[in-house]
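Side chains are part of it too, since the values below use all heavy atoms of this structure and drop only hydrogens, waters and symmetry mates. Computed from a predicted model, the values in this text were never measured in an experiment.
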Amino acid sequence: GVIGFRNEGSSVFENITTNINVYGDRYDIGGVVGLLRDLTTITKLTNHVDITITSLFGAMESSLFYTSIAGVCGHAAETATINECYNYGDVTFVPNQGTNKLRMGGIFGYCPALASGDRLENYGDLTSNVSTTADQYIGGVVARPNTTTALTNCKSCGAITIGADVTLGDEMDLGIFAGGNAKGTTLTNCVSTNNAEGKGITLACDCVNIYVGLVGRFPTSSTTLYNHSIVDCTNSMDMHITSDFSASDSCYLTFGSAE
């Protein structure tokens, strides 16, 4: 997009708009920023580009590696405050080979220390269609927040499609706002709708365990108490399931409308 890799030192990114489509084969990819490190404040980023991942190289074909891809930023490595970011571009992951793990978000992919996000709005469609035996984390706003995270006044208005070629040996955490492994996540005054063509979530994949909801999955622990809350949020996104689940598969839904 605009910045491939931002390393040490505090940064402020403001008022950046992108309008050039992105095609890639690396594993931290965003419409504006690929990978961010160190303490970073991100404000008023708007992405209009479509992002398409069509192939993977070398070690990135391994299930030991993640591909982090999102409309605005693929991977924000350290603590971040993110405000007023908007994505209008579609994000598509259809590599012709590879078994690596996937983190795909409308605004951000992987945010292991994201503290807060306010007015993050995604209008782009997310599509995953890769055959893999590894985990997938997909979120309409953030794919994988990994610590205490507060999302406020956010919107998820893009379709999410998991294609028939996806065969998961492990798990998929699919959240309308946040995907999986979200410790201490709070959602306040967030809204989700179908896209402009009336499409919501489509599941056509075969998988062992899939978790779907406003947040894909809240983790549990016998030793740690995580605080979660969903307050004043509205979901009007539809879900269509065409998957062929076997008797050994599990599908956990916390949803408004499903068929």
Side-chain angles (χ1 to χ4, degrees), residues 1-6 16 18 20-37 42 45-77 80 82 85-112 114 117 120 122-132 134-146 156 158-163 165-166 168 172-181 201 205 216:
V2 176
I3 301 168
F5 174 43
R6 173 66 180 90
I16 297 176
T18 58
I20 302 174
N21 290 347
V22 176
Y23 296 86
D25 52 39
R26 293 299 184 261
Y27 62 94
D28 287 321
I29 299 175
V32 179
V33 187
L35 171 61
L36 292 175
R37 293 195 182 279
I42 302 173
L45 301 188
T46 301
N47 175 53
H48 290 275
V49 312
D50 294 334
I51 301 173
T52 303
I53 306 302
T54 57
S55 62
L56 298 171
F57 281 68
M60 283 168 284
E61 298 176 17
S62 168
S63 61
L64 298 176
F65 290 85
Y66 275 100
T67 293
S68 297
I69 174 176
V72 174
C73 177
H75 183 176
I82 308 167
C85 291
Y86 309 94
N87 176 53
Y88 297 90
D90 297 338
V91 180
T92 304
F93 187 71
V94 287
N96 53 16
Q97 80 281 339
T99 58
N100 63 330
K101 303 176 183 180
L102 175 64
R103 299 180 288 218
M104 174 188 289
I107 304 294
F108 275 72
Y110 185 39
C111 298
L114 176 64
L120 308 179
N122 177 55
Y123 300 93
D125 295 341
L126 307 180
T127 301
S128 172
N129 197 27
V130 59
S131 179
T132 175
D135 297 336
Q136 292 198 29
Y137 302 93
I138 299 177
V141 175
V142 182
R144 194 178 182 190
N146 204 32
S156 179
I160 301 174
T161 301
I162 310 302
D165 290 340
V166 176
L168 299 177
M172 174 182 289
D173 294 351
L174 193 161
I176 295 174
F177 296 103
N181 205 20
I201 293 177
C205 61

Distance check, rounded to the nearest 0.5 Å: [X] atom [atom1] versus [Y] atom [atom2]?
X    : Y    : atom1 : atom2 : answer
F93  : T52  : CZ    : OG1   : 11.5 Å
I82  : F108 : CD1   : CZ    : 3.5 Å
I162 : L102 : CD1   : CG    : 8.0 Å
I51  : N87  : CD1   : CG    : 7.0 Å
S156 : L120 : OG    : CG    : 11.0 Å
I69  : I138 : CD1   : CD1   : 10.5 Å

Under 3.5 Å, side chain of [X] to main-chain N/O of [Y], donor-acceptor pair present?
X    : Y    : value
D90  : D50  : no
D173 : G216 : no
S68  : G109 : no

By ring pair (Phe, Tyr, Trp, His ring centres under 6.0 Å) - contacts of Y88 (at least two apart):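 Y88: ring pair (Phe, Tyr, Trp, His ring centres under 6.0 Å) contacts with H48, Y123.
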
For D125, which residues count as a side chain to side chain donor-acceptor pair (under 3.5 Å) partner, sequence neighbours excluded?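 Applying side chain to side chain donor-acceptor pair (under 3.5 Å) to D125 gives N195.
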
Working note: V91 + I29, criterion side chain to side chain contact (heavy atoms under 4.5 Å, CB included); need CA distance, chi angles, decisive distance, verdict. CA-CA 10 Å; V91 180; I29 299 175; over 6 Å; no

Minimum heavy-atom separation for [X] and [Y], please, with both atom names.
X    : Y    : answer
A70  : I107 : CB-O, 3.4 Å
A178 : P145 : CB-CG, 4.0 Å
G31  : V49  : CA-CG2, 3.9 Å

Positive for side chain to side chain contact (heavy atoms under 4.5 Å, CB included) with R144, one of H75, Q136, M104, R103: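 Testing each of H75, Q136, M104, R103 against R144, the sole residue satisfying side chain to side chain contact (heavy atoms under 4.5 Å, CB included) is R103.
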
